[in-house]
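Single-structure report; data block below.
Just so it is clear: chains get the letters A, B, ... in the order the sequence lines come, proteins before strands, and each one is counted from 1. All values reported here derive from a predicted model rather than from experimental measurement.
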Amino acid sequence: MSGKYISELVKSVPPSGIRKFFDLVLEMEDVISLGVGEPDFVTPWHIREACIYSLEKGSTSYTSNNGLLELRELLSKYISSEYDTVYAPDNELLVTTGVSEAADLAFRAIINPGDEVIIPEPCYVSYIPAVVFACGKPVPVPTYQEDDFRVTSEQIEESITAKTKAVVLSYPNNPTGAIMGRKDLEDIADVVNEHDLMVISDEVYDRLTYNGTHTCFASLPGMRDRTILLNGFSKSHAMTGLRVGYAAGSDEIIGAMTKIHQYTMLCAPITAQIGAIEALKNGDGEMKKMVREYDRRRRLVVGGLNKMGLDCFEPKGAFYAFPSIKSTGLTSDEFASRLLKEQKVAVVPGEVFGECGAGYLRCSYATSREELIEALARIETFIDSI
Amino acid sequence: MKEILEIIEGNPKIEPVASKIKEMEKAGIIRKYKTVIDWEKAGEEYVYAIIEVKVALRSRTGYDAIAERLARFDEVRSVHLISGDHDLSLTVRGSSMKEVAFFVAEKIATLEQVQGTVTHFVLRTFKEDGDILFEKEHSERLLVSP
Ligand SMILES: Cc1ncc(COP(=O)(O)O)c(C=O)c1O
């Protein structure tokens with residue numbers, strides 16, 4: 001295939017760096033994978049049971065474009081009780097096919113060709129391609145371990161041009177596990193206000209905050225209508241494959257996103273929406289149990305990595321550790337490839353998540369403690385052998 | 001405290017929150033660490049039966065005396081005082097149906113206060129002490145994902 005039928009825009013986006021590791025791992029056996037970006041828990045039974053029951057009753061149709069009203073009402077109640085920010089179920093909330101779709105809609109709803117979007121890195125791999133597909137121009141901003149991988153308001157301000165339309169914030173962060181303090185966010189809010197920008201805030205890991213409290217960006221004074229808040233059920237309720245998330249924002253923004261969504265997606269899967277209703281009504285207990293378990297693993301992994309001499313920043317949220325491997329003299333790609341071949345442990349090289357991730361590895365601790373202990377032992381063996 | 005207890009109920013091998021656990025062991029809140037064994041998988045063919053026992057009460061000692069007496073048999077794995085048609089429910093373990101049947105006939109039915117017994121042999125165990133014994137659910141995750 002010459003690719004002559006493929007659009008230049010699509011061709012301009014390189015394939016995901018994660019793909020390469022995925023292919024390598026597939027060829028091997030007995031691999032312990034710390035490369036997984038989703039919970040190892042199955043969706044809690046009561047949620048699955050609600051989905052099964054809905055199927056038995058025959059709930060298999062489309063829902064309204066913006067999602068089941070009961071779900072939007074519950075979401076509205078939930079966000080207002082958790083973050084003291086009120087969104088009207090009718091026109092300020094949109095149920096989507098995961099945060100992935102919500103992010104895509106957000107970019108497409110606000111970007112004119114050539115508009116710039118500031119994206120702190122390292123970050124989740126989808127934002128940059130999504131901005132490019134929306135004909136925007138991603139402007140990556142590096143974050144550093146010295147700053148606890150937080151983006152500063154100064155960095156954002158320095159990156160602003162006449163073309164800047166929006167800033168992406170994604171905390172707790174994949175891949176670093178960094179979170180932002182309230183003060184950090186307030187400073188950014190000032191900059192955003194001054195330069196009349198939008199913020200797309202992906203808070204899909206908000207419930208997985210172990211040390212500190214999560215501040216919802218939209219809850220800051222004056223930020224509600226400047227923010228497109230994205231969240232979902234994939235991480236908090238181990239519902240990745242069910243595909244349900246949501247966007248919250250001003251009537252105008254949600255209206256624009258709904259316009260795209262109604263023509264391109266129609267609605268989020270009804271079974272998943274029903275599962276989300278059950279998760280919001282009765283899911284807190286199971287969720288907290290999972291969070292406690294992640295926290296125990298977090299301490300195990302971060303402690304273990306530091307002990308073997310890899311400098312590992314303390315991740316305060318999500319389920320990733322992001323150790324520096326600069327002391328080994330290897331690049332992250334060499335380290336990850338050799339670790340996989342020689343010790344059969346899969347991790348993801350940090351530069352997959354942005355240039356400034358070079359010299360780091362993403363180690364997901366969404367894996368059983370037994371496997372984590374074994375993986376740590378193998379990593380230590382590998383380091384000793386370098 | 002409930003949180004810690006729930007955790008070790010699910011997995012007693014957890015890294016110790018030592019001092020708290022020691023305290024609860026001392027206070028008798030944590031009584032024992034148990035192992036749930038799938039004997040069938042281990043190749044041991046144990047036979048279990050649930051025995052309902054109807055008791056003629058002696059007013060002075062109530063149910064305690066007979067229940068405590070039954071609890072002393074090694075074959076008896078659990079003793080519960082229950083509501084409903086019968087008074088006590090026992091779990092009895094033996095190496096064959098015959099052995100269990102004889103044990104009930106000779107050691108339990110013959111007790112003075114026991115008016116009658118009904119024996120239900122266990123055909124298969126699906127869940128034991130909160131632990132599911134059939135094929136556990138698992139999801140086929142991609143080994144590397146964003
Ligand atoms: C930061 C971040 N946002 C969004 C997603 C995707 O979420 P969803 O499953 O809701 O599409 C992920 C998944 O890895 C993520 O890490």
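Rounding to the nearest 0.5 angstrom, the gap separating the CD1 atom in A/I32 from the CG atom in B/L143 is 11.0 Å.
Within a 6.0 Å sphere centred on CZ of B/F102, other residues, nucleotides and ligands contribute 12 heavy atoms or fewer. A 6.0 Å sphere centred on CZ of B/F121 holds more than 12 heavy atoms belonging to other residues, nucleotides or ligands. Surrounding NZ of A/K307 are at most 12 heavy atoms belonging to other residues, nucleotides or ligands under 6.0 Å away. In A/R292, the CZ atom is crowded: over 12 heavy atoms of neighbouring residues, nucleotides or ligands sit closer than 6.0 Å. For A/D23, the CG atom is densely surrounded, since the number of other residues' heavy atoms within 6.0 Å is greater than 12. Atom CD of A/E49 sits in a crowded spot, with more than 12 heavy atoms from other residues, nucleotides or ligands closer than 6.0 Å.
Interface remark: A/R19 contributes no atoms to any contact with chain B (heavy atom separation under 4.5 Å). For A/A238, no part lies under 4.5 angstrom from a heavy atom of chain B. Using a 4.5 Å cut-off between heavy atoms, A/F22 touches chain B through backbone and side chain atoms alike.
Contact tally against chain B (heavy-atom pairs below 4.5 Å) for A/G35, A/S126, A/S16, A/G241: the top residue is A/G35.
In plain terms, the two heavy atoms of A/E38 and B/S145 that are nearest each other are N-OG, 4.2 Å. Closest non-hydrogen pair, A/Y320 versus B/P146, comes out as OH-O, 4.3 Å.
Side-chain N or O atoms of B/R141 include none that pairs as donor or acceptor with a backbone N or O of A/V36 at under 3.5 Å.
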